[in-house]
Amino acid sequence: MIRAILLWMLCGALATAAELSIVGSWTGTVDYAAFTMEFRADNTVSYSVRESVRKPPEIVRGRYRVDYAAHPMTLDIADLQCNVPGADSNVVLWAIFEFRGANALRLCLEEGRAGDPVDRPSKFNTDTVELQRVVADAKPAPPVKAELPGLWLLAQQEEADLLFHFRSDGTMRQGTREKGKPISAIECRYKFDAAAQPMRIEWFDEDLPANDWKWGFEVRFVNENTVEFGSSADDSRLTLRRVPLTEWPETRPDLLPAFQKVCADAAAGNARAQGVLAGWWLSNEQRTGADYAKALEWARRSAEQNHPLGQYALARLLRDGLATNAAPEQAATLFEKCAAQMTKLAEAGDAVAAYRLGLMYGEGSGVAKDDGKSRDWLARAASKQHAPAQTTLGSLARADGKFDEALRWWRQAAEAGNALAQLNLAILYHNGQGVEKDAEAAANWARQAIAGNEPVAGVLLAKFPGSGEPVSPVEASRAIAKAERLLLLQANQGQPAAAFQLGQLYERDPDKAKKWYKFAADRGLPHAKAAYERLNQGAP
């Protein structure tokens with residue numbers, strides 16, 4: 001057994017040297033183990049094998065004798081004591097050894113029981129192991145700062161890529177990216193114990209029974225941007241690299257390169273790209289998720305270069321007081337300033353400018369309100385496959401009762417990955433508006449919208465009963481949990497619509513519901529004010 005451990009575990013790199021003496025500390029490593037061997041001047045020896053994934057370290061102690069004069073030199077290890085229960089301690093190890101420089105040692109091992117006659121090999125014709133000397137004045141490597149929150153990627157050559165987004169609030173998202181297919185993802189919770197030795201992580205779903213849908217891994221940080229997860233169940237090990245959060249594919253794989261290019265161009269100082277990126281973070285375009293702080297940063301950079309897309313995004317942030325103090329007069333000035341430039345850009349064929357100009361005419365921001373011009377500019381953008389413009393046209397058609405037209409626009413945008421359009425399609429199929437009721441189609445579109453971080457889709461999916469419909473109670477529970485997390489994030493960023501949705505979600509807890517209804521009402525939502533007054537008066 002001892003020989004098997006040594007043969008399997010010991011290996012090391014060759015080094016250069018000084019004195020040819022076996023006394024000292026020697027180390028080797030293998031895939032899942034670290035090995036240390038200590039030869040002392042009093043002829044005692046100890047070594048430990050740490051299989052970090054499967055079990056605690058095995059520690060073996062004994063005595064040794066070295067014959068440096070022999071050719072080849074020989075080594076005996078006897079009187080072995082092992083800390084593993086049931087291990088056979090009546091074992092002797094014989095080895096012939098060779099110095100490969102003062103700090104590298106090659107052993108050729110034979111194992112037998114004490115008292116057995118053993119013919120030692122006369123040359124190096126057996127299995128060998130190599131050790132590297134631990135230099136006494138070598139400084140230990142500084143500990144790696146174990147920060148797990150962030151996005152990690154396991155890139156496979158032939159199959160799918162795996163992505164792990166660990167958030168600081170203890171939630172995580174695990175995604176699978178396959179060529180030609182939309183990303184599929186699951187949401188769950190995780191626990192990371194950085195103090196454990198070895199460090200450990202578990203992820204789980206609290207809504208499922210104990211011991212179901214739960215994984216535990218041992219963790220080893222190679223450096224700040226590389227981490228290994230080791231499975232205690234099957235000894236598998238995943239090597240992940242940290243990647244920028246913008247690499248998380250919130251959109252279809254074929255749209256991801258476009259998003260990355262805009263990010264790269266914006267970082268390089270391109271004013272248009274900065275304005276486009278500001279709008280994406282502001283309005284959840286391209287399924288990036290809303291992030292007002294990032295929107296403000298890129299809008300300011302673009303506006304400083306007098307680009308209309310940046311000025312428009314900055315004006316919206318100032319008007320609504322998002323990530324900055326509200327400044328309606330400054331916002332109005334910016335809207336007026338960018339209107340003429342935005343028109344020139346849209347007339348030149350810029351789909352993003354055409355879309356935002358359509359919104360400006362629809363709101364009367366910087367220009368006189370004109371619904372006809374608004375629809376014309378939105379249609380120009382939509383003809384260039386601009387999904388947010390298609391989604392907006394679908395909403396305008398639904399408001400006019402034209403469900404067939406709404407279905408057409410939303411389907412185009414939904415198939416391009418627009419989460420809001422996917423939600424709207426789910427509602428149409430759920431309610432049977434403009435199309436036959438289809439619970440399966442409604443659930444499938446809702447699932448895609450949930451994957452795109454559209455929280456209301458989670459609330460809709462949870463309305464499906466657990467029998468007779470393609471949604472299980474567990475899936476519904478997960479959808480509600482994710483919807484709550486996303487709505488809280490958006491509401492805390494100041495979004496009144498998200499606060500109103502939270503109020504609806506918390507109707508069974510009047511205190512919580514009133515808090516969020518009031519939050520939304522204070523930010524100008526009239527229906528939120530009515531809901532707050534209803535609960536405050538104790539109305540059903």
Side-chain angles (χ1 to χ4, degrees), residues 1-84 87-89 91-112 114 118 120-121 123-144 197-198 220 222 228:
M1 184 276 294
I2 300 299
R3 178 174 179 270
I5 292 174
L6 283 171
L7 288 177
W8 186 65
M9 291 312 225
L10 302 177
C11 73
L14 297 179
T16 58
E19 125 183 71
L20 294 181
S21 172
I22 203 170
V23 174
S25 183
W26 302 80
T27 63
T29 58
V30 185
D31 289 342
Y32 302 110
F35 180 85
T36 301
M37 195 166 195
E38 180 75 24
F39 293 98
R40 304 181 186 89
D42 64 357
N43 284 4
T44 60
V45 61
S46 65
Y47 55 87
S48 65
V49 178
R50 171 68 191 179
E51 297 181 58
S52 61
V53 172
R54 293 193 296 184
K55 53 187 176 182
E58 294 185 2
I59 301 174
V60 180
R61 298 177 178 86
R63 299 186 62 81
Y64 75 95
R65 184 179 65 84
V66 178
D67 187 350
Y68 292 105
H71 295 283
M73 293 178 285
T74 60
L75 167 70
D76 295 345
I77 301 177
D79 301 327
L80 299 177
Q81 295 179 350
C82 184
N83 73 331
V84 179
D88 185 358
S89 62
V91 173
V92 178
L93 293 178
W94 297 277
I96 54 177
F97 65 95
E98 175 188 16
F99 284 106
R100 302 174 67 81
N103 292 335
L105 186 66
R106 170 176 287 184
L107 300 179
C108 298
L109 296 167
E110 290 289 328
E111 176 184 331
V118 176
R120 299 182 184 179
K123 57 182 179 179
F124 293 110
N125 59 1
T126 64
D127 292 330
T128 62
V129 293
E130 297 190 11
L131 299 174
Q132 183 175 358
R133 187 191 298 272
V134 178
V135 181
D137 59 354
K139 296 181 180 179
V144 175
Q197 293 298 325
R220 186 176 77 89
V222 178
E228 290 184 347

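Since the model is a prediction, treat every value here as computed from it, not as a measurement. Only this structure's heavy atoms are used, side chains among them; waters, hydrogens and symmetry mates stay out.
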Compare every heavy atom of Tyr64 with every heavy atom of Arg40, then report the nearest pair and how far apart it is. O-OH, 2.6 Å
With sequence neighbours excluded, tell me which residues meet side-chain contact (heavy atoms from CB on, under 4.5 Å) with Arg63. Asn43, Thr44, Asp79
Intermediate values then yes/no, side-chain contact (heavy atoms from CB on, under 4.5 Å), Met37 and Val45: CA-CA 7 Å; Met37 195 166 195; Val45 61; 4.2 Å; yes
Looking only at heavy atoms, the pair that brings Val23 and Tyr68 closest together is N-OH, 4.5 Å
With distance as the sole test, does Arg133 use its side chain to make a donor-acceptor pair with the main-chain N or O of Ile22 at under 3.5 Å? no
The reported gap from CG in Leu105 to CG in Leu131 (rounded to nearest 0.5 angstrom) is 5.5 Å
Rounded to the nearest 0.5 angstrom, the OG-CZ distance for Ser46 and Arg61 is 6.5 Å
